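Given the structure is predicted, the values throughout are model-derived calculations rather than measurements. For ligands, and for the atoms within them, numbers begin at 1 and follow the listed sequence.
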Amino acid sequence: MTKLGEMLKETTAFLKEKGVGEVEFGLILGSGLGELADEVEDAIAIPFSEVPHFAVSTVVGHAGKLVYGTLSGKKVLAMQGRFHYYEGHSMQKVTYPVRVMAAMGAHSIIVTNAAGGVNENFTPGNLMLITDHINFTGDNPLIGENDEAMGPRFPDMSHAYTPEYFGIAKKVAKEQNVPLQEGVYMGYSGPTYETPAEIRMSRVMGADAVGMSTVSEVIVAAHSGLKVLGISCITNLAAGMQSSLNHAEVVETTERVKSQFKELIKATLAE
Ligand code: HPA
């Protein structure tokens with residue numbers, strides 16, 4: 001067995017020991033959006049620090065635990081918080097939890113994040129259905145020897161975000177009267193916010209939102225054959241579109257829209 005295979009065997013054995021059973025959906029809850037994990041029923045919560053081969057998250061606003069249980073009638077394994085490349089973790093470490101979700105039997109993941117709006121029609125507080133991404137991190141979690149047991153050497157990214165989930169999310173948003181934007185997420189490494197020139201470039205390149213996560217996770221999801229639903233919370237307009245940016249504003253906006261966000265995800269899961 002490969003090194004990655006061995007690691008996954010240890011991690012999944014540990015989780016099963018803790019009572020984690022069948023998983024249908026993996027959930028990755030971004031900055032300020034982790035509260036959804038508090039609504040998981042019959043929850044088993046495991047701090048990341050206890051999970052074999054997990055990195056240790058350091059960002060404020062990321063609680064850092066795995067929560068297993070039932071949400072909207074579905075068996076979910078939720079990450080309250082995530083690992084970021086800018087923390088100094090390798091892309092493989094950042095995306096290891098997605099491997100674990102797949103190894104636990106998940107067929108789909110829901111990835112969420114806080115993002116800066118690049119599209120001039122967006123306003124802070126909007127939710128955005130991610131229809132595609134641009135990997136602008138300068139790295140890729142699949143660089144290195146390919147583990148054929150995990151997936152192909154050259155994964156197809158044509159439908160990395162699952163089209164059949166777009167319709168469900170849009171229908172639910174309409175029913176809930178939540179304005180749901182849609183667009184392309186461009187992933188930067190961070191931790192700096194972008195410069196105004198970088199944002200102008202991003203817009204020309206076709207980005208609607210920018211952030212510091214998600215793309216590597218979705219690459220590994222595609223490699224693993226997982227379906228993906230991605231939702232961004234547009235917490236601010238990107239650099240140059242407003243006077244300045246700060247993390248406090250990002251947290252404030254997620255606070256403001258988190259109930260809309262939670263309802264959207266829960267109802268989408270139910271469907
Ligand atoms: N840029 C990058 N990441 C972000 C932003 C942003 O403007 N807002 C929230 N996360």
Would you say the side-chain atoms of N236 and E249 include a donor-acceptor pair closer than 3.5 Å? no
If I take atom NZ from residue K171 and atom CG from residue L180, how far apart are they, to the nearest 0.5 angstrom? 13.5 Å
Distance to 0.1 Å, residue and atom name: give those for the protein heavy atom nearest to atom 3 (N) of ligand 1.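 Looking at atom 3 (N) of ligand 1, the protein heavy atom closest to it is G211 CA, 3.4 Å.
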among protein heavy atoms, the one nearest atom 5 (C) of ligand 1 is G116 N, 3.4 Å
Using salt bridge (Lys or Arg N to Asp or Glu O under 4.0 Å), reason through E252 and R256 one step at a time and then give a plain yes or no. CA-CA 6 Å; E252 266 167 43; R256 185 156 60 80; over 6 Å; no
Looking at E6 and K3, is there a salt bridge between them, counting it only when a charged N and a carboxylate O are closer than 4.0 Å?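 Judged by the 4.0 Å cut-off on N to carboxylate O distance, K3 and E6 do not form a salt bridge.
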So F83 and F48, would you call those rings parallel, tilted or perpendicular, with 30° and 60° as cut-offs?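 Judged by the thresholds at 30° and 60°, the geometry between F83 and F48 is tilted.
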Considering only heavy atoms of [X], which atoms of ligand 1 have at least one such atom less than 4.0 Å away?
X    : result
N236 : 5 (C), 6 (C), 7 (O), 8 (N), 9 (C)
E194 : 1 (N), 2 (C), 6 (C), 7 (O)
A114 : 9 (C), 10 (N)
M212 : 2 (C), 3 (N)
V250 : 8 (N), 9 (C)
T235 : 8 (N), 9 (C)
L245 : 7 (O)

Any chance you could pull the hydrophobic cluster mates of I199, using side-chain heavy atoms under 4.5 angstrom and chaining through other members?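 For the cluster that includes I199, the remaining residues are V118, I134, F136, V184, M186, Y188, M201, M205, V210, L237, M241.
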Please answer whether the main-chain N or O of A37 pairs with a side-chain N or O of K262 as donor and acceptor at a distance below 3.5 Å.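 No: the side chain of K262 does not pair with the backbone of A37.
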Region of A239 that comes within reach of ligand 1 [heavy atoms, distance under 4.0 Å]: neither
